[in-house]
4 protein chains.
Amino acid sequence: MTTQHGSAGKTAAVPQRLLAEATRLFADRGFDRTSVQEIVEAAGVTKGALYHYFGSKDDLLHEVYARVLRLQTERLAAIAALEEPVADRVRKAAADVVVSSIQNLDDTKIFFRSIHQLSPDKQRAVRSDRRHYHEMFRSLIEEGRDTGVFRAEPVPDLVVDFFFGSVHHLAVWYRPDGPLGAEQVAEQFADLLLHSIRTS
Amino acid sequence: MTTQHGSAGKTAAVPQRLLAEATRLFADRGFDRTSVQEIVEAAGVTKGALYHYFGSKDDLLHEVYARVLRLQTERLAAIAALEEPVADRVRKAAADVVVSSIQNLDDTKIFFRSIHQLSPDKQRAVRSDRRHYHEMFRSLIEEGRDTGVFRAEPVPDLVVDFFFGSVHHLAVWYRPDGPLGAEQVAEQFADLLLHSIRTS
Amino acid sequence: MTTQHGSAGKTAAVPQRLLAEATRLFADRGFDRTSVQEIVEAAGVTKGALYHYFGSKDDLLHEVYARVLRLQTERLAAIAALEEPVADRVRKAAADVVVSSIQNLDDTKIFFRSIHQLSPDKQRAVRSDRRHYHEMFRSLIEEGRDTGVFRAEPVPDLVVDFFFGSVHHLAVWYRPDGPLGAEQVAEQFADLLLHSIRTS
Amino acid sequence: MTTQHGSAGKTAAVPQRLLAEATRLFADRGFDRTSVQEIVEAAGVTKGALYHYFGSKDDLLHEVYARVLRLQTERLAAIAALEEPVADRVRKAAADVVVSSIQNLDDTKIFFRSIHQLSPDKQRAVRSDRRHYHEMFRSLIEEGRDTGVFRAEPVPDLVVDFFFGSVHHLAVWYRPDGPLGAEQVAEQFADLLLHSIRTS
DNA sequence: AATGAATGAGTGTTCATTCAT
DNA sequence: AATGAATGAACACTCATTCAT
C-alpha cells in the first residue's frame, strides 16, 4: 500500500522491482492475463512480499497510472508556464507528450488498454486526474483560439480528443526499432496538430 | 445456417442472438471479464448451444472483428472508387469511418481494446485484414500527395496512423447522448484531417 | 440395438461401419477418450444414426466384446472337440488363441483395457461369457492332468490365468511389423505352456 | 517437502495423503473415471491444495508409476546381484515380482491399465524405465541360456513378455481373500516359468 | 519483512444423450 | 432411416487472496 523510497537491498528495492516487472508484464499480455504469480516470480520474491507492499493486484495497476499521470501533468505544467507564444507552447506540449509516450511505451500501452480493469473507485480517481490533464491542454488551445491564432471551429475539447487519440494509438503501431525516432514522430505529430487548427 | 420456426420476428436465431449479446458484453466489460456463462444467459440459451455454433469464446470475438472489418472495407472501397477530386474522396472517407465507428460504437470499443486477447493465429488474420484497410486509405493520401494536393511531409503512413488513432479513440470519449451528433463529429474530424495535410 | 446383416448401402452397411470405426478408435485411444462425435465422423454419419442402431456408446463397446467372445469360444470349442491326444489339443488351442489375438489386435487391446468402462450389468455379462471360455480351457488342462500327461501341481485354474495373462499382454508388446509373425509367436507360446505343465 | 505439525501419527502430510487416495481411486475406477474432485474430497483438502503440490492430474499418475518402477527395479537389482546359480536367481526374481505385485495390487492394476492415459512425454519416460527393468530380467534369462541351463529356443525377450503378461494379469484375477496366498502364487508362477524354459 | 500452504469461487470447454422433424 | 440443434452436468484447471508462522 505504501512505496518505500529508501534504497535498501542489493539491487532495487522490492516494491520498485515489483512495480517494474508488473508494468512490463501488463504491457506485454494485459492486466487480466498477468497472474500475481508471474509478477512475483519475475521480481524474484513471493506472494507474501507483494501483499506486504500492495493491497491488491489492482493497487499495482493503480500505481502505474498514478506514476504516469504525475509525470505527464508535471511536464505539461512546465511547458504551459513558459513565456512563449501560445502556438509554440502547444507545439512543444504536443511534441513532448509524444516523446514521453514513446519513451514509456509500456505505460502508454497499459494506459489505453487497461483502465477498464481497474476497480470502479480507482477508475474514477484516474479519470479525474486524466480530465485535469485534458483541461490543461484544452486551456492552451482555448488561449490560441481566443487570441485568433487558432481557428474557432472544432471546439477545443474535440481537438484535444482528436489529438490524444493519435497519441494513445502510438502504443499500437510505434516500433522502437522502426524507421522513425521519437523526436521525428513528435515533430510531425505536432506539425499535423498545428496545421489542423491554426488559422489558415 | 439458421432455423426459423415459422414465426418471423420476435426472437432472432440463436447464433445471431449470441453474437449480439457477446458484442454488447465485450464492449461493456471487456473480453476477459465477460464469462461464457454471462453470454449464454443473456442470449437465453445454454453453453452447449454456444459451442454448437462457435468453436470457442475466441471464435465469437473473431466473428465480431470479421464483421466490422468487412463492413469498413466495403465502405472505404466504394468511396475510393468515386469519380471525384482526391481531397473530396479523402474527406468523405474520413467522415464515413467516423460515422460508422459511432454507429457501431460497441464494435469500435472492442476493436482497439481486445485484439490482444485473440489467439495468435486469429490475431494475425485480423491484423492482416486491418493492414489491407490501412493501405487502401494510405493510397488515397498518396494520390493526393503525388498530385500536389497534400503536403509531402508527414509520410502517408504516419498520417493514417495519426488519423485512425483519433477514430479509435472515439470509443473512449464519445457519448451518444452528448452534445455532438455523429455527423457533426465526422465533419469536424474530416476538417481537421484535411487542414492538417493539405498544401497551405 | 440391433445389427443389420443385409448389405444395403454403397459401401458397408451403417451399423457395421460404426462398429468397425469404433473398434479402431477404442483400441487407439481408449473408450473414455473416444467421443461419439469422433466415431460418427469416422463412419461418415451423424449422431442420430448411431443412436438409431445402438442404444448408447456403452452398447457399442459391448458389441465389440460380444463379437470377440463369440469368435474365440467357437474356435476353442472346435479344437476341444477334435479327436486327438489332449496335449495336442492344448497346444493347438493355445496357438490358435495367440493367432486370433494377433489377427484381431485391436479387439485384444480393447479387451483387457476397457472392461472396467462397461456398465455394471454389461460387465457382468461379459465376465460370465469369459468365465465360460476360461472353464472350457481349464477342462482341457484338467483332462491332461487326470490322464497323467500334465503335472498335478499348479492347479488348472492358475495355469489358465497364467497363460491368458501372456495372451492379453500381446496387445501391449506385439508389433505386426516386428520380427516375429503371428504363427511363430503362437508356436513358441504354446511350447512354453506345454513345457511349463507337462510331466517332466 | 512436508510440513508436520508436531503430532507424529494420525494424519499423513497432504501430498502423501493425496497420492494414497489417488492410487486407491485410480485402481478402483480407472484414471479417466476418477475426477480431481473425488481425489481431493477423499484426501480432505481442496483442489487448490492438490495443484499446489502436483502440476496436473497427470502428474499424480506419473508419481504412482515412478514409485512402483523404482521399487521393482531396486528389488530386481538386489536379486540379480546375489551369488547363486542363475536358475535360483531367476526363480527368486520371478517369485519376488509376484509377491510385490500382489502386495501392491492397486499399483499393479493401474500399471497395465492406465499407461495410455499418461501424457505422451510422461508415457515415454515410464516406458523407458520399464524397458530398463525388462532388460535386467532378460539378462538373467540370457545368462541361463548361455550357460546351458535354459533352452535356446524361445528368445529371452519373448520369455520376458510371456512371463510379465502373467504377472500384470494378477491384477485382473487375484483376490486377497481368495484361496491362494501371495507366496503360494509366487512359488507356482516361478515354478511354471522355470519349467517352461529350463533344458529338459 | 516475508514465507508458502491452502482456500473457494470461478474459468472455458467437453460430451453423451434427447427429440422435434 | 436419419438429422442436427440443444441440453445439462461434469470436467480439469486457475487465481487473487488469506493467514499462521
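Note that these values count all heavy atoms, side chains included, but never hydrogens, waters or copies made by symmetry. Sequence lines set the chain letters: A, B, ... in the order given, protein chains first and strands last, and positions in each chain run from 1.
Looking at which nucleotide of DNA chain F each of B:T46 and A:S56 is closest to, the 5′-most match is held by B:T46. Residue A:G44 is the one, among A:G44 and C:D58, whose nearest nucleotide of DNA chain E lies closer to the 5' end (criterion: closest heavy atom). If C:Q37 and B:V36 are placed on DNA chain E by their nearest nucleotide, the residue sitting closer to the 5' end is B:V36. Heavy-atom nearest nucleotides on DNA chain F were determined for C:V45 and for A:D32, and the one closer to the 5' end corresponds to C:V45.
The CZ atom of A:F54 sits 14 Å away from the P atom of E:dA1 (whole-angstrom rounding). B:L50 has its CG atom 13 Å from the C1' atom of F:dA5, to the nearest Å. Atom OH of D:Y51 is separated from atom P of F:dA16 by 17 Å (rounded to the nearest Å). Per the geometry, CG belonging to C:D59 stands 13 Å off C1' belonging to E:dA16, to the nearest Å. With rounding to whole Å, C:K57 atom NZ is found 15 Å from E:dT14 atom P. Put simply, CD1 on C:I39 is 11 Å from P on E:dC15, counting in whole angstrom units. In this structure, D:H52 places its NE2 atom 18 Å from P of F:dT17, rounding to the nearest Å. Rounded to whole angstrom, the span from the CD atom of D:E41 across to the P atom of F:dA10 amounts to 12 Å.
For the pair D:D59 and D:K122, the salt-bridge criterion is met [side-chain N within less than 4.0 Å of a carboxylate O].
Taking all atoms of both residues into account, the shortest heavy-atom contact from B:G44 to B:R17 is O-NH2, 4.2 Å.
With hydrogens and angles ignored, a donor-acceptor pair closer than 3.5 Å exists between the side chain of A:K47 and the base of F:dT17.
Between E:dT7, E:dA2, F:dA2, one nucleotide has an atom nearer to the side chain of C:V14 than all others, and that is F:dA2. Of the candidates F:dA6, E:dT3, F:dA2, the closest approach to any side-chain atom of B:A49 belongs to F:dA6.
Here the side chains of A:L19 and A:R67 are in contact, with some heavy-atom distance below 4.5 Å.
In this entry E:dA6 has F:dT17 as its Watson-Crick or G-U wobble partner, both defining distances falling under 3.5 Å. If you check E:dA1 for Watson-Crick or wobble pairing at under 3.5 angstrom, you find it has no partner at all.
Cation-pi geometry between D:R130 and D:F111 is met: the NZ or CZ atom falls under 6.0 Å from the ring centre, inside 45° of the normal.
Between B:F112 and A:F112, the ring-plane angle classifies as tilted under the 30° and 60° cut-offs.
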